[in-house]
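Counting convention: from 1, in listed order, for ligands and their atoms alike. For this chain, numbers begin at 1 and follow the sequence in order.
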Amino acid sequence: MKQSKLFIKTKREAPKDEEAINARLLIRAGFIDKLMAGVYTFLPLGLRTLKKIENIIREEMNKAGGQEVLMPGLQPKENWVKTGRWDSMDDLYKIKDASGREFALGPTHEEVVFPLLKNVIFSYKDLPLYVYQIQNKFRMELRAKSGLLRGREFLMKDFYSFHTDEKDRDDYYDFMAKVYKNIFDILGIGDKTHYTLASGGTFSKYSHEFQTVTDAGEDTIHICCKCEMAINDDIIKENKSCPKCGESSFSPKKAIEVGNIFKLKEKFADDFGLKFKDKDGMEKTVITGCYGIGLGRLMGAVVESSYDEKGMIWPESIAPFQVHLIRLTTNDKRQTIFADKIYNALQKSGVEVLYDDREDIGAGEKFADADLIGIPWRAVVSERTGNKIEIKKRNEKKTRLVSEKEFIKTLK
Ligand code: ATP
Ligand code: MG
């Protein structure tokens, strides 16, 4: 993509009312635009990164046997009354139409997926079954001041598993924990993201959260001093030793929950009468689990984990482009032709390139933009580089002069 065509320009200053680093950097770099507190538009660069996160998660969910669906955001009040959450859920957006009929804007989808599957699960032969979606959620968050970390409308992957018995569900739960770990590794935050024991709320005794350590975090986790497991602040009081290795000393850290997994008791299955007939013809309640990841929050957490005073530093897996090709302003026509040729050659070999072809912009400004946007490779073509390209990684200082062939080989 040619940067001269990008309809959003970078900004020198972040909005005054935006405190969170992720929002300040993403807005300045033109990844997102703030419509109001907790509600953002994803612009071309930001959407590319969000889509990459989405595709990584989708691929892992498909591999885990998930079947993707897309459920509605607009939901009937009756389903929420049935589970009791019409009154008990503080952050539920309730809306009324002109006739006085009431609806919920989905903050999560148990109220849709359980009635949906009641029509398809009858026998043990229909189980296990795994259903998921990647969709916008709405929550009345009162403190929406952490940029993408806490939105009022935000993209979530929610996955639901249905089983004949607890053993099958528990095995799948442990398997999903590994799938999650792998996703956070691919996104480059694996070493900062801790599998964290948490209280289960009304659904189960315990749940697990995936907590990424960052100063921007709203939670405090207690990381085991021997292994990488952690315990949430709420339950450290009753759990004095590490559930994984037994160690009893912990180190407290601020963290943000990027994902969580829950074993759902019989709560929703009972509310909606989700039952099946086992091998002996006995009627039993379906055993379930649910597994969430916030995609926007994840993107914000990656920014909070990887930036410097100049801007963001994206991991290759979710950078909007792999290469930021910069043509320095010059009146040497040959350089323009050479830079265009590199742009075409990179694209032809499948490399995603943002090409700074802008006229009348100085070298300093182009480099500052490249550092702010944070694409993994910077490649400069100028009078000084002759028929070579000066390349540099965003997180390194050292530059190198290489030929077009060598560069493409380096990228592969
Ligand atoms: P929190 O305690 O941070 O409010 P939660 O327990 O309400 O999170 P869930 O309802 O389990 O979160 O949602 C699943 C995932 O969705 C979370 O792990 C998080 O990644 C993401 N998420 C939840 N609320 C928000 C939000 N307001 N903005 C962005 N992402 C969110
Ligand atoms: Mg919440």
Practice task
Check whether any N or O atom of G151, backbone or side chain, sits under 3.5 Å from an N or O atom of ligand 1, and answer yes or no.
Solution key: yes
All heavy atoms of I326 vs all of F367, minimum pair found to be CD1-CD2, 4.0 Å
Please indicate whether any nitrogen or oxygen in F154 is less than 3.5 Å from any nitrogen or oxygen in ligand 1.
no
- With distance as the sole criterion, is a donor-acceptor pair present between the side chains of E110 and T83 under 3.5 Å? no
A student checking ligand 1 against V258 at a 4.0 Å heavy-atom cut-off should list atoms 18 (O), 20 (O)
Go through the steps for L148 and F154 under the test side chain to side chain contact (heavy atoms under 4.5 Å, CB included), then give the verdict. CA-CA 8 Å; L148 292 187; F154 59 94; over 6 Å; no
### Distance under 6.0 Å and angle within 45° of ring axis: R48 vs F321
yes
- Query: For L148, is at least one N or O under 3.5 Å away from an N or O on ligand 1?
  - Reply: no
NZ/K9: more than 12 non-hydrogen atoms of other groups inside 6.0 Å: yes
Open item on the list: Is a donor from one side chain sitting under 3.5 angstrom from an acceptor on the other, for E209 and S207?
Closed with: no
If you compare E257, E218, R150 by their heavy atoms, the one closest to atom 3 (O) of ligand 1 turns out to be R150
Check: Is L149 in contact with ligand 1, taking contact as a heavy-atom separation below 4.0 Å?
Finding: yes
- Item | Contact check, T108 vs ligand 1, heavy-atom distance below 4.0 Å | no
- Query: Going by heavy atoms, is G259 under 4.0 Å from ligand 1?
  - Reply: yes
